[in-house]
Amino acid sequence: MACSTARCFPIGWQFVHNLVSFPGARIIFGWDSSLFSVSLISCSNQLITLSVEDLFEHKSFFVTVVYGLNLARERLSLWNDLRQGGAGSNKSRLDKVLVNDHWLELFRDAEVVGHAPGVSDHCALVLSFVHKRFRVVPFRFYNFWMNNGGFKDLLALS
């Protein structure tokens with residue numbers, strides 16, 4: 001599994017899956033290891049919970065990836081696990097990324113792109129962060145500004 005899954009991700013990416021908890025991995029989570037540090041917190045046949053640290057911004061957050069079983073009675077343990085984690089009782093089928101207000105404050109430049117479904121009826125969701133690098137630009141004064149007729153008036157107003 002690891003060898004064939006690794007070919008699905010770009011070079012330098014790592015991944016975790018729930019193959020250990022379920023015959024045939026239902027959940028695969030990948031990340032660029034030069035940008036993120038990821039630690040597995042818990043894993044079951046229906047969910048994986050991870051701790052993620054953004055290595056550039058030095059911010060951390062938790063991710064829970066859910067892929068529920070097909071029959072309602074098989075999902076009972078999933079809903080119990082989610083309630084214990086504080087997720088409530090939303091019981092709809094989702095191919096979505098859900099975040100809270102605190103997460104939105106920390107990662108204002110995040111975006112999610114949903115890719116077209118392949119073999120499965122679910123789509124891969126790719127969460128990206130736009131890291132804006134700001135550099136200090138020194139103040140520059142150009143002497144020719146003094147030749148502009150309105151410059152001295154503008155300077156007096158400021």
Side-chain angles (χ1 to χ4, degrees), residues 1-140:
M1 167 83 183
C3 184
S4 62
T5 302
R7 288 188 294 232
C8 297
F9 293 102
I11 294 172
W13 281 50
Q14 295 181 350
F15 63 92
V16 294
H17 53 73
N18 69 337
L19 181 62
V20 176
S21 299
F22 194 77
R26 296 170 50 84
I27 302 169
I28 302 169
F29 182 90
W31 68 92
D32 183 338
S33 58
S34 68
L35 299 175
F36 300 98
S37 173
V38 176
S39 300
L40 180 66
I41 294 175
S42 66
C43 180
S44 75
N45 61 343
Q46 298 184 83
L47 65 83
I48 294 177
T49 299
L50 307 157
S51 173
V52 180
E53 179 186 1
D54 180 326
L55 298 174
F56 180 76
E57 297 284 337
H58 303 290
K59 297 176 183 175
S60 298
F61 55 95
F62 294 97
V63 172
T64 298
V65 182
V66 176
Y67 188 172
L69 293 170
N70 294 327
L71 300 177
R73 65 179 155 73
E74 295 174 327
R75 289 191 302 271
L76 291 176
S77 64
L78 169 64
W79 298 120
N80 290 332
D81 291 344
L82 289 173
R83 276 190 211 97
Q84 288 174 3
S89 59
N90 183 354
K91 295 185 180 179
S92 61
R93 186 176 127 194
L94 301 173
D95 279 338
K96 298 182 174 148
V97 173
L98 305 173
V99 299
N100 61 20
D101 291 338
H102 179 68
W103 195 92
L104 286 173
E105 289 173 16
L106 288 175
F107 302 100
R108 294 180 185 271
D109 297 323
E111 67 179 19
V112 175
V113 175
H115 294 275
V119 178
S120 169
D121 62 343
H122 296 280
C123 62
L125 299 173
V126 178
L127 176 63
S128 301
F129 296 87
V130 179
H131 293 296
K132 295 180 180 176
R133 296 183 188 260
F134 297 101
R135 64 181 181 93
V136 176
V137 179
F139 174 76
R140 299 191 190 274

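Enclosure of atom CG in Asp101 is not indicated, since only 12 or fewer non-hydrogen atoms of other residues, nucleotides or ligands lie within 6.0 angstrom.
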Step-by-step side chain to side chain contact (heavy atoms under 4.5 Å, CB included) determination, Leu69 to Asn45
CA-CA 8 Å; Leu69 293 170; Asn45 61 343; 3.6 Å; yes
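In this structure, Asp54 and Phe107 have side chains that are in contact, with non-hydrogen atoms separated by less than 4.5 Å. Leu40 has its side chain within reach of Leu50: a pair of non-hydrogen atoms, C-beta onward, lies under 4.5 Å apart.
With hydrogens and angles disregarded, a donor-acceptor distance shorter than 3.5 Å links the side chain of Arg26 to the backbone of Gly68. Between the side chain of Ser33 and the main chain of Gly12, a donor-acceptor pair closer than 3.5 Å is present.
If you take CG on Leu47 and OG1 on Thr64, they are separated by 6.5 Å, rounding to the nearest 0.5 Å. Remark: Gln46 CD to Tyr67 OH distance equals 11.0 Å, nearest 0.5 Å.
Ile48 and Cys43 get closest at one heavy-atom pair: CG1-SG, 3.9 Å. Across every non-hydrogen atom of Asn18 and Ser44, the tightest pair is ND2-O, 3.2 Å. Across all their heavy atoms, Ser60 and Leu106 have their closest contact at O-CD1, 4.4 Å.
Annotation: side-chain hydrogen bond (donor to acceptor under 3.5 Å, both in side chains) contacts of Ser42 (sequence neighbours excluded): none.
The aromatic ring centres of Trp31 and Phe36 sit 6.0 Å or more apart.
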